[in-house]
Amino acid sequence: MSQTAIIGAGVMGETLLSGLVRAGRRVDHLLVGEKRPERALELEERYGVAVVGNLEAAGKADTIALVVKPQDMGDVLAEIAPVLRPGQLLVSLAAGITTAFIESRVPEGVAVVRVMPNTPALVDEGMAAISPGSHCSEEHLAEAEALMASVGKVLRIPERQQDAVTAISGSGPAYIFFVVESMIEAGVHLGLPRTTATELVIQTLVGSAKMLRETGTHPTVLREQVTSPGGTTASALRELEIHKVRAAFLAAMEAARNRSRELAEGN
């Protein structure tokens, strides 16, 4: 079986490592590139995986997941490029970094897949969108898919859609948490204890998400089922429409998409 290396052992890097181990990847087929000795020791003890320098990880592995900050990507690629070889697969989880950026800094024939993950990967409910670079075979794309499937769902998309995906699912958990936070504050304002408001809102969110996923019913239909004519929900929804909440979500996601484009251009 081929070797897989994870370079960058922050929260998302460890999440991916943990997911792969739980999905049945043998630890002797996994390598982690990490420079901090105390972090290396921690990961070795927790997962029984070999933690080595970036160069050794990149040289030995067939698939390399680059889980580094976008601003660090250039330096990491400069470091590992001398040991990369045609046929290897680089899977980049760095927001806004294009496959062309990576391909221009590594040897010809190295395959690149770009991934936009999100933080629910921490609980195996991630949503990852993957896009192939110019030297990417079906086998390479399937391997990237298998990597990310260990921590959630995976969609294949054209790379030109990555900025929009960043705005929807990449940044999306923050919008949901913002809504939850707002609903809890409203509950407190209406006289509920904070712990009660928190439990009510979180379970309502979890239950609503499960209904969406398990029934396959359109959200408009589900919303209408809760909205009795002249009732409490109708009154609440009217206020959301008056305050242009739908338009605010559109504007927010356009702003996120635009910022993702700027990051891709190095601004």
Side-chain angles (χ1 to χ4, degrees), residues 10-16 19 67 69-71 93-97 115-129 148 151-155 157 161-215 217-227 231-264 267:
V11 173
M12 188 58 80
E14 185 177 354
T15 295
L16 187 55
V67 198
K69 293 185 177 74
Q71 59 268 34
L93 277 71
I97 300 292
V115 179
M116 184 67 236
N118 69 4
T119 56
L122 288 163
V123 291
D124 291 346
E125 289 288 356
M127 182 68 254
M148 299 314 301
V151 290
K153 292 194 174 222
V154 187
L155 271 180
I157 61 160
Q161 294 175 1
Q162 280 283 2
D163 294 319
V165 167
T166 301
I168 301 295
S169 59
S171 300
Y175 318 149
I176 305 298
F177 300 144
F178 184 84
V179 169
V180 167
E181 190 183 3
S182 302
M183 288 175 70
I184 291 169
E185 290 304 324
V188 172
H189 178 73
L190 296 175
L192 293 172
R194 186 171 292 277
T195 52
T196 303
T198 300
E199 190 166 350
L200 289 169
V201 173
I202 291 173
Q203 182 54 31
T204 300
L205 172 77
V206 171
S208 303
K210 201 165 182 183
M211 279 181 77
L212 280 165
R213 184 153 75 180
E214 294 190 5
T215 66
T217 305
H218 194 281
T220 302
V221 174
L222 292 175
R223 177 175 59 75
E224 286 172 350
Q225 287 172 1
V226 188
T227 313
T232 58
T233 309
S235 295
L237 291 172
R238 186 191 62 190
E239 288 298 321
L240 292 177
E241 292 292 3
I242 288 168
H243 289 278
K244 296 186 169 54
V245 170
R246 200 182 296 257
F249 269 106
L250 175 58
M253 293 185 201
E254 283 181 334
R257 188 268 322 269
N258 295 344
R259 182 63 187 135
S260 179
R261 281 180 181 163
E262 288 172 1
L263 287 170
N267 297 325

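We number each residue from 1, following the sequence as shown. Only this structure's heavy atoms are used, side chains among them; waters, hydrogens and symmetry mates stay out.
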Carefully, step by step, assess E254 and L250 under the rule side-chain contact (heavy atoms from CB on, under 4.5 Å). CA-CA 6 Å; E254 283 181 334; L250 175 58; 4.1 Å; yes

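Between E241 and R238 there is no salt bridge, since none of the side-chain N atoms of the basic residue sits less than 4.0 Å from a carboxylate O of the acidic one. Salt-bridge annotation for K153 and E125: absent, with no side-chain N of the basic residue lying under 4.0 Å from a carboxylate O of the acidic one.
Among T198, V201, L200, the one residue that satisfies the side chain to side chain contact (heavy atoms under 4.5 Å, CB included) test with M183 is V201.
Here the shortest heavy-atom pairing between A129 and Q162 reads O-NE2, 3.3 Å. Shortest non-hydrogen contact noted between V11 and L122 is CG1-CD2, 3.6 Å. In terms of heavy atoms, A197 sits closest to G187 at CB-CA, 4.2 Å. The nearest pair of heavy atoms linking M116 to G170 is CE-CA, 3.8 Å. Taking all atoms of both residues into account, the shortest heavy-atom contact from N118 to M127 is OD1-N, 2.9 Å. Scanning all heavy atoms of the two residues, the minimum distance from Y175 to I168 falls at CE1-O, 4.2 Å.
Remark: the backbone N or O of T220 is paired with a side-chain donor or acceptor of H218 at under 3.5 angstrom. A side-chain donor-acceptor contact under 3.5 Å links S182 to the backbone of F178.
M211 has its side chain out of reach of T217: every pair of non-hydrogen atoms, C-beta onward, lies at least 4.5 Å apart. In this structure the side chain of T166 never reaches within 4.5 angstrom of the side chain of R259, judged on heavy atoms.
With values rounded to the nearest 0.5 angstrom, Q71 atom CD is found 8.5 Å from I97 atom CD1. Here the CZ atom belonging to R257 is positioned 12.0 Å from the CE atom belonging to M253, to the nearest 0.5 angstrom. Here the straight-line distance linking atom CG of L205 with atom CZ of F177 works out to 8.5 Å at 0.5 Å rounding. Expressed to the nearest 0.5 Å, how far CZ of R261 lies from CG of L263 amounts to 12.5 Å. Put simply, CD on E199 and OG1 on T204 are 10.0 Å apart, with the number rounded to the nearest 0.5 Å. Note that CG of L237 and OG1 of T227 are 5.0 Å apart. Values are rounded to the nearest 0.5 Å.
Counted within 6.0 Å of CD on Q161, heavy atoms from surrounding residues, nucleotides or ligands total more than 12; the atom is thus considered enclosed.
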